[in-house]
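Here the structure is laid out as structure tokens; the discussion comes afterwards.
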Amino acid sequence: MCEIANFQSLRRHLGRPRSDSLIHDLGEHVSRLETGLRVGPAGRALLEVAFEADSPEDATALVDRLAQTFARSIDLDGERHLVQLVWGVAVAPPGEDDDVRLTEGAEAALEQARSEAGIVTLDLSQTHVAFDGSALARELPRAIAAGQLFLQYQPKVNVRRESVTGAEALVRWHHPVRGLILPGEFIGAAEDGGEIVGLTLWTLRQVIADQQVMRAHGHDMPVFINISGVLLADDAFVAEACRIVRDSGARIGFEITETAVIRDPESAIRHLQTFAAIGIPLAIDDYGAGLSSLAYLKQLPASELKIDKMFVMQLTSSNRDPLIVRSTIDLAHALEMEVTAEGVETPAALALLSVMGCDMVQGYLISRPIALDAFVRYLDEESYRSVATMRTSFARPEAFWRKSG
């Protein structure tokens, strides 16, 4: 991942229309420097570069050669400008090079590179040192105290208003030995090891602190955190979470899954009603990923339903998924819920969701999860406005929906 560190300065000199196309020019320039590079924009000031190398050292050396090219000013429309870049690199051996894992690793490396102003490489193969789940759970309290955990934010854009109306906070762990540990690896360990309460309360307090930074920059919006199903049966956690939110006055929302409710419906629904009673908005996450139950859905005091990305990512290449998504949107609206589509990655999917009446979208087309400072810049620069220009017409006649069945 390569980020233009001085994008705001360049924008002032170049103007907004020219700066909006700068990342595309940068991508074309980088792709010409080395053979075998797969380059594409991942944001207004963010470039994703993928390639193969024989070793982590070779990968870092290649990126260093790319970086050296930008040590001197370059010509932009007849004027010389210095484009300051920071680089975050993630490497993994064949067989372990999952795209999402590599991307999240590169994002974590980029976060570190912003403060070090150099190239940071994370070798994801080092995350497979023999640590079991119980060991991770035992380490979590020390990791929190040592500042190894950090949050990233992914914006949710209201389709009709074309504005960011909220964000989801996502926790990451940069382990000193294992490198980046993905949430899928340590959340389950925290639940099994009894550390999920401490992890969630840390996340809640950190989001509240980060919200104050957002407000100082003129951005006041609800931020949602994920609540484990284990916690929905914990009276002490519910009481403490309510106290923290009430005392802070922060705009915090909770995301829960249906499976979390099914574990202990009576306690879960009672505690969700407690959250709703003090004004905490609730979103049902990953709807459709499990055995979605209308019996539970109608009992939940939720104001938002999030359609699982596995349906959204196949929206324009499947006959059945559009029907499922459209019927889910209609159902949610009938239950007086807003609908968020997760995993929006293409303009075509965005356009179709808009036609279907989806309220909000979230995904890599809008923005990847990014650190607080980058998220504030994203809001300051109104980067989400560029999404509106991607929304090509995707209207389909009513006969299409009947035929798709």
Side-chain angles (χ1 to χ4, degrees), residues 42-43 98-101 103-104 107 151-172 182-184 187 221-229 253-261 281-292 297 300 302-318 320-333 335 337-370 375 378 384 387 390-391 394:
D98 174 79
D99 285 346
V100 174
R101 188 163 178 265
T103 298
E104 291 190 341
E107 288 168 347
L151 295 180
Q152 291 184 323
Y153 293 90
Q154 189 170 33
K156 294 193 288 189
V157 167
N158 185 290
V159 176
R160 286 180 292 279
R161 296 183 209 160
E162 295 177 359
S163 62
V164 177
T165 53
E168 180 180 358
L170 300 159
V171 64
R172 304 287 188 258
L182 301 182
I187 296 296
M221 67 186 67
V223 177
F224 285 75
I225 69 173
N226 292 280
I227 301 295
S228 164
F254 291 162
E255 293 192 5
I256 52 101
T257 62
E258 280 188 292
T259 51
V261 176
L282 303 173
I284 301 170
D285 198 14
D286 300 335
Y287 184 78
L291 296 174
S292 302
L297 185 62
L300 303 182
S303 57
E304 179 183 340
L305 186 147
K306 301 184 75 175
I307 302 175
D308 188 75
K309 63 184 178 183
M310 74 179 191
F311 295 107
V312 176
M313 294 177 75
Q314 300 296 321
L315 199 56
T316 57
S317 59
S318 162
R320 292 189 173 186
D321 285 357
L323 292 170
I324 294 171
V325 170
R326 191 192 193 198
S327 62
T328 301
I329 292 172
D330 291 343
L331 171 65
H333 286 167
L335 293 172
M337 296 184 195
E338 288 192 306
V339 180
T340 298
E342 298 184 284
V344 178
E345 296 189 353
T346 66
L350 173 61
L352 186 50
L353 287 163
S354 178
V355 169
M356 290 176 172
C358 186
D359 302 291
M360 291 173 288
V361 291
Q362 183 178 350
Y364 284 5
L365 180 68
I366 313 302
S367 172
R368 299 177 186 275
I370 49 180
F375 182 57
Y378 176 91
Y384 50 88
V387 174
M390 302 178 190
R391 219 170 35 170
F394 210 94

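The shown structure was predicted, so the numbers you read here are calculated from the model rather than taken from an experiment.
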Taking all atoms of both residues into account, what is the closest heavy-atom pair of [X] and [Y], and its distance?
{"X": "D285", "Y": "K306", "answer": "OD1-CD, 3.8 Å"}
{"X": "V157", "Y": "V164", "answer": "CG2-CG2, 4.0 Å"}
{"X": "L297", "Y": "M337", "answer": "CD1-CE, 4.0 Å"}
{"X": "R368", "Y": "A42", "answer": "NE-CB, 3.5 Å"}
{"X": "P281", "Y": "F224", "answer": "O-CE2, 3.7 Å"}
{"X": "D359", "Y": "V339", "answer": "OD2-N, 2.7 Å"}

Under a 4.5 Å cut-off applied to non-hydrogen side-chain atoms, are [X] and [Y] in contact?
{"X": "I366", "Y": "Y378", "value": "yes"}
{"X": "P155", "Y": "Q362", "value": "no"}
{"X": "M360", "Y": "E304", "value": "yes"}
{"X": "Y287", "Y": "L331", "value": "yes"}
{"X": "E342", "Y": "F311", "value": "no"}
{"X": "V159", "Y": "L353", "value": "no"}
{"X": "M356", "Y": "P322", "value": "yes"}

For E338, is there an ion pair with K156 - N to carboxylate O distance below 4.0 angstrom? no

Working note: V325 + T328, criterion side chain to side chain contact (heavy atoms under 4.5 Å, CB included); need CA distance, chi angles, decisive distance, verdict. CA-CA 5 Å; V325 170; T328 301; 5.7 Å; no

What's the verdict on side chain to side chain contact (heavy atoms under 4.5 Å, CB included) for E168 and T340, showing C-alpha distance, side-chain angles and the deciding distance? CA-CA 12 Å; E168 180 180 358; T340 298; over 6 Å; no

Which distance, rounded to the nearest 0.5 Å, do you find between the [atom1] of [X] and the [atom2] of [Y]?
{"X": "R160", "Y": "C358", "atom1": "CZ", "atom2": "SG", "value": "8.5 Å"}
{"X": "I256", "Y": "D286", "atom1": "CD1", "atom2": "CG", "value": "10.5 Å"}
{"X": "L300", "Y": "L335", "atom1": "CG", "atom2": "CG", "value": "10.0 Å"}
{"X": "M313", "Y": "Y364", "atom1": "CE", "atom2": "OH", "value": "8.5 Å"}
{"X": "L315", "Y": "D321", "atom1": "CG", "atom2": "CG", "value": "7.0 Å"}

Verify side chain to side chain contact (heavy atoms under 4.5 Å, CB included) between L170 and N226, making sure each step is shown before the conclusion. CA-CA 8 Å; L170 300 159; N226 292 280; 4.1 Å; yes

Side chain S354, main chain L350, donor-acceptor under 3.5 Å: no

